[in-house]
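Contents: one structure, followed by commentary.
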Number of protein chains: 2
Amino acid sequence: MDSMGIMARKPMAADQALRLDNQICFAVYSTAHAFNRVYKPLLDRLGLTYPQYLVMLALWERDDVPVKDLGERLFLDSGTLTPLLKRLEAAQLIRRTRSTEDERVVLIALTPQGHALREKAKAVPQSILAASDCTVGELLAMKDEIVALRDRLNAALGE
Amino acid sequence: MDSMGIMARKPMAADQALRLDNQICFAVYSTAHAFNRVYKPLLDRLGLTYPQYLVMLALWERDDVPVKDLGERLFLDSGTLTPLLKRLEAAQLIRRTRSTEDERVVLIALTPQGHALREKAKAVPQSILAASDCTVGELLAMKDEIVALRDRLNAALGE
DNA sequence: CTCAATTGAATTGTGCGCAATATAAATTCT
DNA sequence: AGAATTTATATTGCGCACAATTCAATTGAG
């Protein structure tokens, strides 16, 4: 339909914008899967899936927290977290208890095994760093850019 | 590179490395979800999910291709693609036919409706660009960095 | 030419991710 | 206090992702 001329001012022709290779979202999407595949053999040894590992990371920083709290830190809702947390409970890594102050709240706390797993997990970031073939500095810089993008996307959702 | 000397490669303390906020993988993971949420209302109008949209992007560039071919372009396997493609077929956007030369191969071709949908999809990248609140140049630069990271991760898997 | 190995898809089972809905507890508003 | 609203979690249903397995078609070695 549209040929040249009027399109000259546009930042990118629509045809180009639809190319798979030009999509930053596909880059992010496929990189997330690549991370998942690199993590898998490492996390198998801990008996965790990648999302479960993220939950454990969050809990190692602060536990005895409501599900809601975890959800906000991880950008996940109860539909995802409830079954995941039940599996972590079945694996004896966490305990789920109703708060006595507010009976709607379920507090998530680490068990001794859950705390202990942290020591085994300490080796994981090293292996990921090696697989990424980047320096810590490069990764941290890229992380900051990506987080800034994520936060702008999330801000756009709120409007 | 490495003008900062040996410090640039010094690994960070294991405690720091386990912090959720320091994980580039979490940045990528949570950004992928943020993209998904931004795309959802746009793709709902096309009747597509985000992975289905990626498949259509790939097919708009080149169709009449084996499932295997699509899988390599999208980094997905038949376990993911087979049911997804059946849904696209049910939606009349593609046709799945066995190759006559090699009966193992299923060729994926766009229907007229599948081709036509491309026009409606042209508006999507603009909306994403707006939500990202970045310039095209910034996004393309970031994309290249992320793709380079993805390719190094995938290379590490092959070893 | 035969039979073992390989290849391309499909199938099965598990675990996210999220929308929509449900439910019960807490809060707010008359 | 009682009703309406809000809040925190749980449930259901659908669609990915991916490992593991199956199966038929093709290729390759002897």
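The basis for the numbers below is simple: all heavy atoms, side chains too, and nothing from hydrogens, waters or symmetry mates.
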Parallel under 30°, tilted from 30 to 60°, perpendicular over 60°: which one fits the rings of A:Y53 and A:W60?
-> perpendicular
C:dA25 OP1/OP2 closer than 4.0 Å to side-chain N/O of A:R98 |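 Checking A:R98 against C:dA25: no side-chain N or O falls below 4.0 Å of OP1 or OP2.
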Below 4.0 angstrom from OP1 or OP2 of D:dT11, is there any side-chain N or O of A:K86?
-> yes
Could you tell me the separation between the [atom1] atom of [X] and the [atom2] atom of [N], rounded to a whole number of Å?
X     : N      : atom1 : atom2 : answer
A:D44 : C:dT14 : CG    : P     : 16 Å
B:L48 : D:dC14 : CG    : P     : 19 Å
B:D69 : C:dA9  : CG    : P     : 9 Å
B:L81 : C:dT11 : CG    : C1'   : 14 Å
A:K68 : C:dA26 : NZ    : C1'   : 14 Å
A:Y53 : C:dC16 : OH    : C1'   : 18 Å

Identify the heavy atoms of B:A32 and A:A32 that sit nearest to each other, and give their distance.
->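 Minimum heavy-atom contact is CB-CB, 4.3 Å.
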Tell me, with the steps shown, if B:K122 and B:E119 meet salt bridge (charged side-chain N to carboxylate O under 4.0 Å, His left out).
-> CA-CA 5 Å; B:K122 279 187 178 175; B:E119 295 309 309; 3.5 Å; yes
Can a donor-acceptor pair be found, under 3.5 Å and without considering hydrogens, that links the side chain of [X] to the backbone of [Y]?
X      : Y      : value
A:Q23  : A:A17  : yes
A:D144 : A:V147 : no
A:R98  : A:R104 : yes

Any N/O pairs under 3.5 Å between the protein and nucleotides 21-23 of chain C? List them or say none.
none

With the side chain counted from C-beta on, respond yes when B:M56 and B:L110 share a heavy-atom pair under 4.5 Å apart, and no when they do not.
-> yes
In B/S/- notation (B base, S sugar-phosphate only, - none; protein heavy atoms under 4.0 Å), nucleotides 15-25 of chain D written 5' to 3' is SSBBS-----B
What do you reckon, are the aromatic ring centroids of A:Y29 and B:F35 less than 6.0 Å apart?
-> no
